[in-house]
Amino acid sequence: MLLRKTMVAVTLASQLLALPLSASNLPDIGDVASQTLSPQQEREIGQAAMIEIRRTGLMIDDPEVVAYLNRVGYRLVEAAEVGDSRFTFFGLQDRSVNAFAMPGGYIGVHSGLIVMAQHESELASVLAHEIAHVSQRHMARMLDGTRSGVWISVASLALAILAAQAGQSGAGGAVMMAGLGATARQQLDFTYAFEQEADRLGMQTLIAAGYDPASMPAFFERLQKHNRVVESNAPEFLRTHPVTYKRIADAQGRLSEQPYRQVPDSPDFLFLREKLRAQQLGPRNAVDFYLKTVQDKRYASEAAARYGLAYAYFQVREYDASWQALQRAKVVFGGQSHPALEYLAGQILQGQSKDAEAVTLLKAASSRFVGSRALLYGTIDAMTSAGQLAQARALVDDGISLYPGDAWLYLRSARVYGAEDKLMQKHRAMGEYYVRLQEYGPALEQFQLALQQPGTDFYLLSGIESRIRDLEQLRRN
Ligand SMILES: [Zn+2]
């Protein structure tokens with residue numbers, strides 16, 4: 001079963017590459033080795049993998065998580081001064097401790113890694129390492145290096161997909177690596193050089209972006225300890241990025257040249273980590289866990305612990321308890337509150353069917369925290385369920401003109417059109433949503449569905465028809 005899925009992924013990638021690479025004949029790839037992946041081909045592989053990963057249903061759609069990972073990721077990308085800055089950071093709902101980079105700048109982080117990180121800089125150090133794998137084009141260089149490199153690079157792509165599909169600690173990954181056998185071992189030196197390079201450049205990026213460089217060896221060490229304790233369940237990060245004592249020592253060596261500096265964790269990190277932890281613990285366990293955490297004062301941030309309790313109550317729909325815990329979190333946090341606290345407040349009100357109140361609260365919060373994408377989404381959602389469709393339409397259209405590449409705004413636009421019974425526009429918006437996810441097949445279907453809806457608006461119709469032509473063209477190429 002797992003193997004079959006791998007073959008599907010491999011076949012898919014090979015079709016995109018248009019290389020004479022067949023699933024039954026993998027290690028023997030003839031003169032392919034002389035070819036190099038172009039950046040365009042790398043992006044195509046990455047996009048194909050993203051479609052597969054999205055189909056697993058494990059990709060985290062939570063607007064706060066999406067926005068947060070991209071914020072940290074782009075802070076690092078800017079500091080790394082890489083030429084091509086097209087990166088996409090995404091989270092996967094998976095309790096195993098892992099992160100991976102795919103060709104084309106797609107960087108995935110398992111929720112388990114974020115929950116396990118003791119500091120934000122640890123998460124940043126992993127992202128910085130992955131950014132270096134992408135910017136140094138390690139996948140493409142493996143292809144250049146040796147023939148079997150093709151197999152490895154396609155396999156590690158398949159591995160990422162498999163790990164996501166397995167949705168657990170990646171038994172599939174282990175099977176894959178074992179299956180590679182001697183070929184993989186031949187590659188280890190090569191891989192090791194890439195890991196060293198990613199560590200070295202990652203550390204530079206981390207420092208340039210203003211994170212704590214000591215977090216890199218600290219996180220490696222903790223991973224390794226964790227690995228010893230849970231031997232049968234080694235974090236996948238260790239398998240795909242083998243951590244050795246030499247790597248830790250190297251990282252510590254680089255560190256000794258740096259002046260010591262303490263970097264405080266951002267509230268965004270502290271709140272979101274608890275949200276993910278609460279989701280990972282599951283509804284019932286989360287309430288018990290946070291009640292005890294708050295009672296025993298076992299926290300680094302009291303506001304985050306109380307927010308965790310509020311979120312845990314929200315998960316079990318105990319909205320009054322959730323609201324009370326959230327008010328305590330706000331008091332402890334002080335100042336002018338925080339987008340995460342306001343977003344949850346809006347969700348609680350909606351849970352209580354107080355849609356109009358939710359709109360008022362979220363609108364006020366949006367104007368206080370300009371630029372918070374999560375609050376923008378939340379306000380549109382609340383307006384839609386409150387039946388304030390004209391306001392929701394205005395807000396979603398403003399948002400789209402501000403962020404035309406944002407898929408999530410098109411998804412919301414489609415919802416508003418749906419509520420307005422404007423089916424042609426609804427399917428067109430869904431088409432635009434899929435275009436932004438680079439899923440052109442489903443996009444085409446939506447535009448074709450749009451054409452089948454009643455309507456005579458000439459501009460709308462010709463716009464949809466031209467979209468269909470573009471997508472069909474894209475498919476032929
Ligand atoms: Zn690595």
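Just so it is clear, the model here is predicted, and its values are computed rather than measured. All ligand and atom numbering here is 1-based and tracks the order in the structure.
His129 contributes NE2 as its N, O or S atom closest to the Zn ion (ligand 1).
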Contacts under 3.5 angstrom, residues 202-212 side chains, donor-acceptor by atom type, not counting sequence neighbours:
residue, atom, partner, partner atom, Å
Thr205, OG1, Leu201, O, 3.0
Tyr211, OH, Arg75, NH1, 3.3
Asp212, OD1, Ala214, N, 2.9

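A salt bridge is absent between Arg306 and Glu274: the closest approach of a Lys/Arg side-chain nitrogen to an acidic carboxylate oxygen does not fall below 4.0 angstrom.
Here ring-ring contact (aromatic ring centres under 6.0 Å, His included) pairs that include residues 269-293, with residues two or more places apart or in two chains, are Phe271-Tyr307, Phe271-Phe333, Phe271-His338.
Looking at every heavy atom in both residues, Ala198 comes nearest to His133 through CB-CE1, 3.7 Å.
Rounding to the nearest 10°, we obtain 120° for the angle at the Zn ion (ligand 1) between Glu195 OE1 and His133 NE2.
The Zn ion (ligand 1) does not have Glu130 among its coordinating residues (no N/O/S atom, backbone or side chain, under 2.8 Å).
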